[in-house]
**Q** 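Here it is, the structure in full.
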Amino acid sequence: MPETKVKKSEDFNEWYNEIVELADLCDKRYPIKGMNIWRPYGWKLMNNVDRLIRDEMIKTNHEEVCFPLLIPESFFKKEEEHIEGFGKEVFWVTHAGINQLEERWLLRPTSETAMYPIFSLWIRSHTDLPLKTFQIVNTFRYETKQTRAFIRVREIHFFEAHTCHVDFEDAERQIKEDKEIAHRLLQKLCLPYVFSKRPEWDKFAGAYYTISIDVLMSSGRTLQIGSIHQYRDNFAKPYEISYETEKGAHAFCHQTTYGMSERLLGALVGVHGDNKGLIIPPEVAPLQVVIIPIIFKGKEKGVLEASETLHKKLLHEGIRSHIDDRETTPGNKYYDWELKGVPLRVEIGPKDVEKNELTMVRRDISKKKSVPLKDAEKAIQAELQALVQTIYANAEKLLNENMHSVLTAEEAKEKTGIVALPWCGNKDCALEIENVLEGNTLGEPIENAVCTDPCPVCGARAKTWMRFAKSY
RNA sequence: GGGCCUGUAGGGUAGCUUGGUCCAUCCUUUUAGCUUUGGGAGCUAGAGACUUGCGUUCAAAUCGCAACAGGCCCA
């Protein structure tokens, strides 16, 4: 059975690099580092993920906006920590035609500084609040490190929700909602995850606190696929986002943001894929079912008719189906669609037509199964559901088997994946552990974080658990 | 931020050490035609490449420098 040249378990990085192009997600040959081309198949997949996000946003009363790509330097410079965090990685526009600009513009690395001066104009009264907005746009960050398709890029396909609230408590309620949104979304992508509260020195530039959403890739490294930030009034003050209260006083807004990117695709690839290619959860799969007519000379008619009938039925049921009638051998087609991760393949050949059956094969387990044509839609739905459960269970197993809580650095060193250790709250102690484990701090668990064991570095009584992992 | 490696058709490669034998090898791909078709089909005739710039030289895919791009490792 042909498989990828590089096995996922042997060299995850190579496998990943190979698979994203083989599966037609992206084309990495564009000659600017970190700026890849979305191929049609990959873009459909991304759009399906975006659609889920949009649905969630609309369900939770966020409104979609679209701010300009360019930000004047003066807007960008209002919040100091933010500049410090992003200053080194912005692209600048200095010229227009042959003229040098009086004020430089930058390509948004994220949109706070584009939006907030405008929010300040939009928000006058407490009745304007909460303001819940989001946009799905491209952002730009000048990565100097090694780039990697969907995981570290310079042009980022970015979802960002920005909300303004009357006070800290209302912003906290928003964060609770964001966590619920993340949960529902990642369920649909069959991606188990962990929330961690980032340590002070690793939070988003300008935030009061940051909650990261991480998944575990099969390589044992974590991938941060989203973050939720509580800004308190850190941005509202410099950007003067204030409102008049019911009592006629003036107060600053409290803000939150929630961001995700094409890293979600990276996670889908890295978590579910195998040596034959991708396995895409049906919820976002560009094609959920591919029908392959097995054509023999003289018997084409029945086979093609049966395929066409089934295809129409599936479309009618809202199932994304496709008939692969290319003039090539069936085996060729199987390999193709397996690479692309189509969850279910249906074969219809002369023998099937004779028996009024179809043959179906789930992408994750590759076992053939015959079902009567008349029950096709139901059987196909059930099979897709079964695939969802299996790939979720596999991903959950991977995460559970690679999450550990231990008391000493020596024990931690033996473990793979995410390791939690008691932490006294001192930055140096956490950095020392980072050194020993050759990993990074992920953050504290957001629930059941209390820990009273001694800090493995200084011996002081710990305040919380601190998670460490090698990450992308 | 530091170190190491790589760049030849759409993809993968041979040639590079010791410059000339190379209008560049093989596999895949691709076009036309015929025969095929239940796990990567066969035959016939075509198509397609030395990353870019500068330098060394009578002569550069081959040597040197730089840029760009790709990959790996460490902070």
Side-chain angles (χ1 to χ4, degrees), chain A residues 1-6 10-37 39-41 87-89 142-155 201-202 219 221 275-277 290-304 306-307 323-340 342 344-355 357-363 365-371 428 430-441 468 470-472:
Chain A
M1 224 33 59
E3 299 193 331
T4 47
K5 282 197 209 84
V6 184
E10 285 166 15
D11 191 338
F12 179 87
N13 289 345
E14 288 263 342
W15 170 86
Y16 182 91
N17 281 330
E18 187 183 347
I19 219 76
V20 290
E21 285 198 312
L22 279 177
D24 272 350
L25 296 180
C26 65
D27 194 323
K28 294 191 282 195
R29 291 170 301 183
Y30 198 75
I32 299 180
K33 183 185 170 83
M35 295 194 182
N36 297 328
I37 294 150
R39 287 168 153 265
Y41 190 71
K88 281 185 192 153
E89 48 184 68
Y142 176 71
E143 287 288 350
T144 51
K145 292 178 189 173
Q146 183 60 50
T147 55
R148 191 191 301 278
F150 308 128
I151 289 180
R152 176 163 281 123
V153 289
R154 285 175 167 179
E155 180 170 356
W201 64 89
D202 218 13
S219 58
R221 287 179 178 241
N275 289 340
K276 291 199 237 166
V290 61
I291 302 170
I292 301 183
I294 310 294
I295 294 168
F296 286 87
K297 259 238 162 103
K299 295 181 184 171
E300 304 98 324
K301 200 163 171 252
V303 168
L304 286 174
S307 303
I323 300 179
D324 186 353
D325 57 0
R326 287 176 300 170
E327 285 197 29
T328 176
T329 56
N332 229 319
K333 297 177 185 177
Y334 301 162
Y335 290 115
D336 237 33
W337 296 113
E338 280 165 0
L339 251 181
K340 292 197 163 90
V342 176
L344 194 68
R345 175 174 88 232
V346 169
E347 302 170 22
I348 299 182
K351 287 182 218 160
D352 298 301
V353 172
E354 253 173 55
K355 291 192 249 172
E357 284 184 350
L358 61 81
T359 303
M360 61 184 186
V361 184
R362 243 166 76 183
R363 171 60 182 81
I365 54 170
S366 301
K367 276 204 189 116
K368 292 202 178 191
K369 194 170 175 181
S370 291
V371 295
D428 290 337
L431 295 184
E432 174 59 28
I433 298 287
E434 279 193 349
N435 258 328
V436 173
L437 298 184
E438 292 170 348
N440 299 98
T441 48
F468 297 86
K470 291 188 181 174
S471 56
Y472 281 101

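Here is how names work: the chains are called A, B, and so on, in the same order as the sequence lines, proteins then strands, and each is numbered from 1. Predicted, not measured: the structure shown is a model, and the values here were computed from it.
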**Q** Check every strand shown and say whether A:Asn13 touches a base, only sugar-phosphate, or nothing at a heavy-atom separation below 4.0 Å.
**A** sugar-phosphate

**Q** Is there a Watson-Crick or G-U wobble partner for B:G1 with both distances under 3.5 Å, and if so, which one is it?
**A**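 B:C74 - that is the nucleotide pairing with B:G1, both distances being under 3.5 Å.
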
**Q** Check if the side chain of A:Glu338 and the base of B:G39 share a donor-acceptor pair of N or O atoms closer than 3.5 Å.
**A**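 By the distance-only test, yes, there is a pair.
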
**Q** P atom, B:C16 versus B:G11: distance in rounded Å?
**A** 23 Å

**Q** Pick base, sugar-phosphate or nothing for A:Gly298, based on heavy-atom distances below 4.0 Å to the nucleic acid.
**A** nothing

**Q** Would you indicate, yes or no, if B:G71 has its OP1 or OP2 atom less than 4.0 angstrom from a side-chain nitrogen or oxygen of A:Arg152?
**A** no

**Q** Please determine, for the side chain of A:Tyr335, which listed nucleotide (B:G39, B:A69, B:A41) has the closest atom?
**A** B:G39

**Q** Considering every strand and a 4.0 Å limit on heavy-atom distances, what is the contact class for A:Gln146: base, sugar-phosphate, or nothing?
**A**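 Base: the residue A:Gln146, judged by heavy atoms under 4.0 Å, touches a nucleobase.
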
**Q** Does a distance-only test, which skips hydrogens and angles, find a donor-acceptor pair under 3.5 Å between the side chain of A:Arg29 and the base of B:G11?
**A**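 There is none.
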
**Q** Taking 4.0 angstrom as the limit, do A:Glu21 and A:Arg29 come out as a salt bridge?
**A**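 So A:Glu21 does not pair with A:Arg29 through a salt bridge.
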
**Q** Output the rounded distance in Å from CG (A:Leu339) to P (B:U28).
**A** 18 Å

**Q** Taking the same atom, P, in B:U56 and in B:U62, what whole-Å distance lies between them?
**A** 15 Å

**Q** Check this one for me: any side-chain N or O of A:Thr329 less than 4.0 Å away from OP1 or OP2 of B:A41?
**A** yes

**Q** In this structure, how many angstroms lie between the P atom of B:G40 and the NZ atom of A:Lys276, rounded?
**A** 13 Å

**Q** Go through B:G10, B:G38, B:A41 for me and flag the one nearest to the A:Thr359 side chain.
**A**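 Among the listed nucleotides, the one closest to the side chain of A:Thr359 is B:G38.
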
**Q** So, do A:Leu431 and A:Trp201 sit near enough that their side-chain heavy atoms are less than 4.5 Å apart?
**A**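 Yes, side chains in contact.
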
**Q** Closest approach to the side chain of A:Asn332, judged atom by atom: which nucleotide of B:G38, B:A41, B:G70 is it?
**A**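 The closest nucleotide is B:A41.
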
**Q** Using atom CD of A:Glu300 as one end and atom P of B:U37 as the other, report the distance to the nearest whole Å.
**A** 11 Å

**Q** When we call it a touch if two heavy atoms are under 4.0 Å apart, what does A:Lys351 touch: a base, just sugar-phosphate, or nothing?
**A** base

**Q** Checking base pairs now: Watson-Crick or wobble, both atom distances under 3.5 Å. What partners B:C23?
**A** none

**Q** I'd like to know whether NZ of A:Lys28 has more than 12 heavy-atom contacts from other residues, nucleotides or ligands below 6.0 angstrom.
**A**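 Correct, the count exceeds 12.
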
**Q** Would you kindly give the CD-to-P distance between A:Glu347 and B:G39, to the nearest whole Å?
**A** 8 Å

**Q** Would you classify A:Thr328 as touching base, sugar-phosphate or nothing, given that sugar-phosphate means primed atoms plus P, OP1 and OP2, and contacts are heavy atoms under 4.0 Å?
**A** base

**Q** How far, in whole Å, is B:U6 from B:C23 if one measures between their P atoms?
**A** 26 Å

**Q** Sticking with atom P, work out how far B:G7 lies from B:A47, rounded to a whole angstrom.
**A**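 Their P atoms lie roughly 28 Å apart.
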
**Q** Can you tell me which nucleotide in B:G1, B:C72, B:U37 comes closest to the side chain of A:Phe296?
**A**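 So the nucleotide nearest the side chain must be B:U37.
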
**Q** Can you find a donor-acceptor pair, distance only, under 3.5 Å between A:Asn17 side chain and B:G71 base?
**A** no

**Q** Side chain of A:Lys33, heavy atoms from C-beta onward: which of B:A69, B:G40, B:G38 has the nearest atom to it?
**A** B:A69

**Q** What nucleotide, of B:C72, B:U37, B:G39, holds the atom closest to the side chain of A:Arg345?
**A** B:G39

**Q** Could you tell me if A:Lys355 and A:Ser370 have a donor-acceptor pair between their side chains, going purely by distance under 3.5 Å?
**A**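 Their side chains do not contain a donor-acceptor pair, so the 3.5 Å distance test is not met.
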
**Q** What's the closest nucleotide to the side chain of A:Lys297 if the choices are B:A41, B:U35, B:G38?
**A**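 In terms of side-chain proximity for A:Lys297, the closest of B:A41, B:U35, B:G38 is B:U35.
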
**Q** Find out whether A:Arg362 and A:Lys369 are in side-chain contact, i.e. whether some heavy atom of one side chain is under 4.5 Å from a heavy atom of the other.
**A**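 Heavy-atom side-chain distance check fails, nothing below 4.5 Å.
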
